[in-house]
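Naming convention: chains lettered A, B, ... in sequence-line order (proteins, then strands); numbering from 1 in each chain.
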There are 2 protein chains.
Amino acid sequence: MSAMNDQPEQRRYHHGDLRTALLEAAERSVRAHGAAQLSLRDLARAVGVSHAAPRRHFADRQELLDALAEEGFALLGENIRRALVDADEDFAARTRGTASAFAHFAVENPALLELMNSTKHQGAPSVARAAEAAFEPIFELIREGQAQDILEAGEPEELGLILYATINGITMLVNTNMVPAGRLDELTDTAVSQFLRGAAGGAGVGTISSARAGSRPPTPGCPVRARG
Amino acid sequence: MSAMNDQPEQRRYHHGDLRTALLEAAERSVRAHGAAQLSLRDLARAVGVSHAAPRRHFADRQELLDALAEEGFALLGENIRRALVDADEDFAARTRGTASAFAHFAVENPALLELMNSTKHQGAPSVARAAEAAFEPIFELIREGQAQDILEAGEPEELGLILYATINGITMLVNTNMVPAGRLDELTDTAVSQFLRGAAGGAGVGTISSARAGSRPPTPGCPVRARG
DNA sequence: CAACAGTGTTGTCAATGACTACATGATTCC
DNA sequence: GGAATCATGTAGTCATTGACAACACTGTTG
């Protein structure tokens with residue numbers, strides 16, 4: 001709403017880097033008031049340009065929102081990658097760290113996540129590409145687990161998407177106030193535990209794809225399923 | 001957008017049941033064009049009342065959207081309950097049926113789901129209550145599984161929320177076009193399988209009796225050491 | 001029958017997204 | 001070096017919208 005003055009410095013006719021300035025202002029605005037409240041004219045005021053200037057960089061309100069969503073996926077990907085390099089070697093710990101990084105990013109940027117989860121940017125291939133880039137480290141993590149025979153063999157994509165979906169869903173419960181924020185860590189923690197158990201390979205039971213997994217030692221008769 | 005004429009019949013000064021008429025028109029509109037496109041004035045036109053009439057029933061645009069979200073949760077709850085009474089086989093099949101019902105509802109009503117997952121209705125306790133009512137059958141299902149010693153003991157709420165979150169997240173991947181719709185069943189299926197394994201308690205290991213004999217080959221795994 | 005409350009109507013306002021025509025400045029090419 | 005050209009910003013305009021206020025119609029209740 002209120003035209004947040006940024007640089008009251010006088011500006012020449014051309015702004016110089018209006019596009020990024022708009023995106024930055026937009027990110028602040030979305031963060032503060034949600035995507036639905038975002039007004040192009042307000043952004044223009046905030047940056048100090050005329051109301052029609054944004055149109056040179058975003059043909060459409062939606063186009064700007066798409067760009068923001070894209071940026072959101074890039075940020076998320078960064079966060080996940082950082083969490084993965086920081087984490088130690090233990091696969092379970094790495095998975096936990098990844099999930100936690102995602103969960104906290106989502107809860108700290110609810111409006112951005114909502115934008116990323118919006119159905120509106122279906123026509124924007126750039127957003128899809130950004131999303132895939134954010135998923136990549138997750139898939140890579142799954143491959144790690146499979147290489148260590150901690151996860152069942154099969155498409156790493158499949159497992160990765162399920163993990164992503166689960167954490168995303170949990171944060172959504174928190175962000176919509178259906179679950180108190182205090183339960184976030186607890187929920188993601190048990191979700192990850194269940195994921196590790198449910199997608200366990202090697203000692204795991206009932207791995208459907210065990211027939212295909214040549215490198216896999218034959219699964220013992222039953223249980224083992226090391227509990228805890 | 002286009003003022004969809006409903007009943008061209010002439011109407012008396014008072015509509016009779018404007019509130020529900022508006023909600024019905026709103027549901028159609030949201031389903032067709034998304035919540036962001038919904039216009040109160042357009043609804044008024046569609047129903048054949050003046051542009052200010054809706055205000056008597058919804059103080060606010062958001063209030064109408066909240067009512068729609070509430071209705072969405074009621075519908076979802078119905079669907080889940082129906083799926084549960086229809087499938088009274090073993091626990092795994094019931095879980096699979098529940099997940100499938102949710103997943104298909106979500107994918108068939110993307111805009112409605114987006115509304116239900118919106119952060120904007122945080123101030124509306126009615127929406128929260130409706131959501132809880134929709135969760136209830138899921139929690140009840142979890143209690144079943146725990147009673148049969150197929151799921152680990154603990155708060156049924158916890159497991160139920162995780163299951164809900166997972167399916168919700170998967171449908172979101174489909175609804176945002178990040179995953180082709182054709183993979184919906186496959187993804188929910190393996191997600192449920194993993195859930196059952198990951199949250200397994202007592203004896204039940206790898207009871208993956210597939211109800212929808214879809215893409216998944218039946219897994220022999222371990223003998224289902226029966227409950228009770 | 002008269003007050004009254006519920007509901008619908010008309011009128012109005014500021015804000016917005018989209019569009020057009022025009023201005024200014026930077027880049028390129030002769 | 002200067003002109004053509006293109007990118008970028010500006011001013012003006014329009015239809016639409018949500019919100020609000022003042023007023024009209026109608027059934028109910030005392």
Side-chain angles (χ1 to χ4, degrees), chain A residues 1-4 6-26 29-30 32-68 115 118 120-121 123-124, chain B residues 1-4 6-26 29-30 32-68 115 118 120-121 123-124:
Chain A
M1 293 297 181
S2 52
M4 29 186 164
D6 252 15
Q7 334 276 20
E9 319 164 7
Q10 62 179 357
R11 188 182 46 73
R12 283 194 189 66
Y13 193 92
H14 284 97
H15 177 283
D17 197 1
L18 181 54
R19 187 189 152 94
T20 52
L22 285 171
L23 278 177
E24 282 169 13
S29 173
V30 164
H33 312 103
Q37 298 293 324
L38 185 107
S39 148
L40 291 181
R41 290 173 107 104
D42 207 18
L43 290 184
R45 279 189 288 270
V47 176
V49 294
S50 76
H51 66 263
R55 240 178 96 73
R56 293 285 173 208
H57 304 272
F58 304 97
D60 207 288
R61 200 184 104 105
Q62 187 57 45
E63 206 167 272
L64 193 155
L65 292 179
D66 288 351
L68 272 184
L115 211 52
S118 165
K120 300 256 272 326
H121 51 57
Chain B
M1 295 301 175
S2 51
M4 30 188 165
D6 252 13
Q7 331 276 19
E9 319 164 7
Q10 61 179 0
R11 186 182 47 75
R12 284 195 193 67
Y13 193 92
H14 285 98
H15 177 282
D17 198 1
L18 182 55
R19 187 190 151 94
T20 52
L22 285 171
L23 278 177
E24 282 169 12
S29 172
V30 164
H33 311 103
Q37 299 293 323
L38 185 104
S39 146
L40 290 181
R41 289 173 107 106
D42 206 19
L43 290 184
R45 279 189 287 269
V47 176
V49 293
S50 75
H51 67 263
R55 242 178 93 73
R56 293 285 174 209
H57 302 273
F58 304 98
D60 206 283
R61 200 183 105 106
Q62 186 58 44
E63 207 168 270
L64 193 155
L65 292 179
D66 288 351
L68 273 184
L115 210 51
S118 165
K120 301 254 273 328
H121 51 55

Select one nucleotide: of [options], the one nearest the side-chain heavy atoms of [X].
X       : options                : value
B:Asp60 : D:dA11, D:dA19, C:dT9  : D:dA19
B:Ala53 : C:dT9, D:dC20, D:dT17  : C:dT9
B:Arg56 : D:dA22, D:dT17, D:dT10 : D:dA22
A:Ala52 : D:dG12, C:dG17, C:dG8  : D:dG12
A:Leu40 : C:dG8, C:dG17, D:dG9   : C:dG17

Rounded to the nearest 0.5 Å, how far does [atom2] of [Y] lie from [atom1] of [X]?
X        : Y       : atom1 : atom2 : value
B:Ser118 : B:Gln62 : OG    : CD    : 6.5 Å
B:Arg19  : B:Leu64 : CZ    : CG    : 8.0 Å
A:Leu38  : A:Arg61 : CG    : CZ    : 5.5 Å
B:Leu40  : B:Arg45 : CG    : CZ    : 10.5 Å
B:His121 : B:Leu68 : NE2   : CG    : 11.0 Å

Could you state the atom-to-atom distance from [atom1] of [X] to [atom2] of [N] in whole Å?
X       : N      : atom1 : atom2 : answer
A:Asp42 : C:dT16 : CG    : C1'   : 11 Å
A:Arg61 : C:dA15 : CZ    : C1'   : 13 Å
A:Leu43 : C:dG17 : CG    : C1'   : 12 Å
B:Glu63 : D:dA19 : CD    : C1'   : 13 Å
B:Leu65 : D:dG18 : CG    : P     : 10 Å
B:Phe58 : D:dC20 : CZ    : P     : 16 Å
A:Gln62 : C:dT16 : CD    : C1'   : 16 Å
B:Leu18 : D:dT26 : CG    : P     : 16 Å

| Between B:Ser39 and D:dG18, does any side-chain N or O lie under 4.0 Å from OP1 or OP2? |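 It does, given that an N or O in the side chain of B:Ser39 lies less than 4.0 Å from OP1 or OP2 of D:dG18.
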
| query | Does D:dA7 have OP1 or OP2 sitting under 4.0 Å from an N or O in the side chain of A:His57? | reply | no

| query | Taking atom types as they are modelled, is there a donor-acceptor pair under 3.5 Å from the base of C:dG8 to the side chain of B:His51? | reply |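 Flag unset: no donor-acceptor pair detected.
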
| Touch check for B:Arg41, heavy atoms < 4.0 angstrom, all strands: base, sugar-phosphate only, or nothing? | base

| request: Give A:Leu38 one of three labels, base, sugar-phosphate or nothing, depending on what nucleic acid heavy atoms sit under 4.0 Å from its own. | output: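 Since only primed, P, OP1 and OP2 atoms lie under 4.0 Å of A:Leu38, the category is sugar-phosphate.
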
